[in-house]
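Because the structure is predicted, anything quoted here is derived from the model rather than measured. When reading the values below, keep in mind they use all heavy atoms of this one structure, side chains included, and skip hydrogens, waters and symmetry mates. We number each residue from 1, following the sequence as shown.
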Amino acid sequence: SNLFCFIVYHLVHHPEVVQRLRQEFDEVLGKDVTKPITQNDIDKLQYCDAVIKEVHRHFPVNYSLGRVNIEKDTVGGYIWPEKTSFSILYCAIMKRKDYWTDPEKFDPDRFYKIDDDDKYLLEKQHVKNAFAMFGGGIRACPGRNLTMIELKCLLTLI
């Protein structure tokens, strides 16, 4: 619900994004508002997916990640003993200029067909490691698919 509120906020401030979303909804779902949305339809909403990801990049639900090292490690040029607690500022990673093209700008295109454009070279190089919307590895959120389905369905309804 928190992320959805930020999506609405950005849509109000970016009418050109709303226009593109409406166009995608019309192309994928058609004009019949009574037609049930299928999983196939949800998978085709790629620009909608990009909007959700870009909003999350600006306002991540989880601002930091906690980790504890299991053995002595070198991080940032310092040697840390085992069982050191680290707090990774996820929100800072989302705004780093060496990971994102024009990081302060709201630009869903950075997640939409980035392989088609050389404008987003940083995103192509770093998005797999710098963007973990639902965590990663064994700690990935088990409800990530349901969340994306819910967000996309809510967006089509408004």
* Pairwise side-chain contact, Asp41 with Lys35, heavy-atom cut-off 4.5 Å (strictly under) -> yes
* In Å, rounded to the nearest 0.5 Å, how long is the span from CG of Leu45 to CG of Leu29? -> 5.5 Å
* Heavy-atom side-chain proximity of Asn69 to Trp80 below 4.5 angstrom -> yes
* Asked: Should the heavy atoms of other residues, nucleotides or ligands under 6.0 Å from CZ of Arg144 be counted, would the total exceed 12?
  -> yes
* Going through the checks in order, is the side chain to side chain contact (heavy atoms under 4.5 Å, CB included) test met by Ile52 and Met148? -> CA-CA 8 Å; Ile52 293 167; Met148 291 303 285; 3.9 Å; yes
* Asked: Hey, are the side chains of Cys153 and Ile42 touching, using non-hydrogen atoms and a 4.5 Å cut-off?
  -> yes
* **N/O donor-acceptor pair under 3.5 Å between Arg110 side chain and Asp102 backbone** => yes
* Cluster overlap Val51 with Ile158, hydrophobic side-chain contacts below 4.5 Å -> yes
* Minimum-distance pair of heavy atoms, taken over all atoms of Val12 and Pro15 -> O-CD, 4.4 Å
* Structure fact -> The side-chain contact (heavy atoms from CB on, under 4.5 Å) partner of Lys152 among Leu157, Asp49, Thr147 is Asp49
* **Side chain to side chain, Arg57 and Glu54, heavy atoms closer than 4.5 Å** => yes
* To do: For Leu146, look at atom CG and say whether over 12 heavy atoms of other residues, nucleotides or ligands are found less than 6.0 Å away.
  => yes
* Has Lys83 got more than 12 heavy atoms of other residues, nucleotides or ligands less than 6.0 Å from its NZ? -> no
* Mind checking whether His14 and His10 have parallel, tilted or perpendicular rings, split at 30° and 60°? -> parallel
* Asked: Would Met133 end up clustered with Val61 when hydrophobic side chains under 4.5 Å apart are linked, directly or stepwise?
  -> yes
* Asked: When you look at Asn40 and Lys44, which way does the side chain to side chain contact (heavy atoms under 4.5 Å, CB included) test go after all the steps?
  -> CA-CA 6 Å; Asn40 189 38; Lys44 290 178 184 175; 3.5 Å; yes
* To do: Determine whether more than 12 heavy atoms belonging to other residues, nucleotides or ligands lie under 6.0 Å from atom CD of Gln39.
  => yes
* To do: Please assess Lys95 against Trp100 for the test side chain to side chain contact (heavy atoms under 4.5 Å, CB included), listing each intermediate value before the final yes or no.
  => CA-CA 7 Å; Lys95 299 293 174 104; Trp100 305 99; over 6 Å; no
* Asked: Is the CZ atom of Phe86 crowded by more than 12 outside heavy atoms at less than 6.0 Å?
  -> yes
* **Ring centroid separation Phe6 to His58 under 6.0 Å** => no
* **Donor + acceptor pair across side chains of Glu27, Gln23 (<3.5 Å)** => yes
* Hey, what's the ring geometry for Tyr47 with Tyr112, parallel, tilted or perpendicular (30° and 60° as the breaks)? -> perpendicular
* To do: May I ask you to check whether over 12 heavy atoms, not counting those of Lys72, lie within 6.0 Å of atom NZ?
  => no
* To do: State, yes or no, whether a side-chain contact exists between Pro60 and Tyr90 at a heavy-atom distance under 4.5 Å.
  => yes
* To do: Find out whether the Lys NZ or Arg CZ of Arg96 is both under 6.0 angstrom from the six-membered ring centre of Tyr99 and within 45° of the ring's axis.
  => yes
* Does the side chain of Val17 come within less than 4.5 Å of Pro108's, by heavy atoms? -> yes
* Would Leu11 and Leu155 count as a side chain to side chain contact (heavy atoms under 4.5 Å, CB included) if you check the C-alpha gap in whole Å, the side-chain angles of each, and the deciding distance to 0.1 Å? -> CA-CA 10 Å; Leu11 292 179; Leu155 281 171; 3.7 Å; yes
* Determine whether Phe59 and Leu154 fall in the same hydrophobic cluster, where Ile, Leu, Val, Met, Phe, Trp and Tyr are linked whenever their side-chain heavy atoms lie under 4.5 Å apart. => yes
* Structure fact -> Interatomic distance, CD1@Ile37 vs CD1@Ile149, rounded to 0.5 Å, equals 11.0 Å
* Look at atom CD of Glu16 and say whether more than 12 heavy atoms of other residues, nucleotides or ligands are closer to it than 6.0 Å. => yes
* To do: Decide whether Thr34 and Asp32 meet the rule of one side-chain donor and one side-chain acceptor closer than 3.5 Å.
  => yes
* Within the distance-only criterion (no hydrogens, no angle test), does the side chain of Glu24 pair as donor or acceptor with the backbone N or O of Cys48 below 3.5 angstrom? -> yes
* Given side chains that start at C-beta, do those of Leu122 and Asp98 come closer than 4.5 Å, heavy atoms only? -> no
* Asked: Quick one: do Val68 and Leu65 end up in the same hydrophobic cluster if we chain Ile, Leu, Val, Met, Phe, Trp and Tyr together by side-chain heavy atoms under 4.5 Å apart?
  -> no
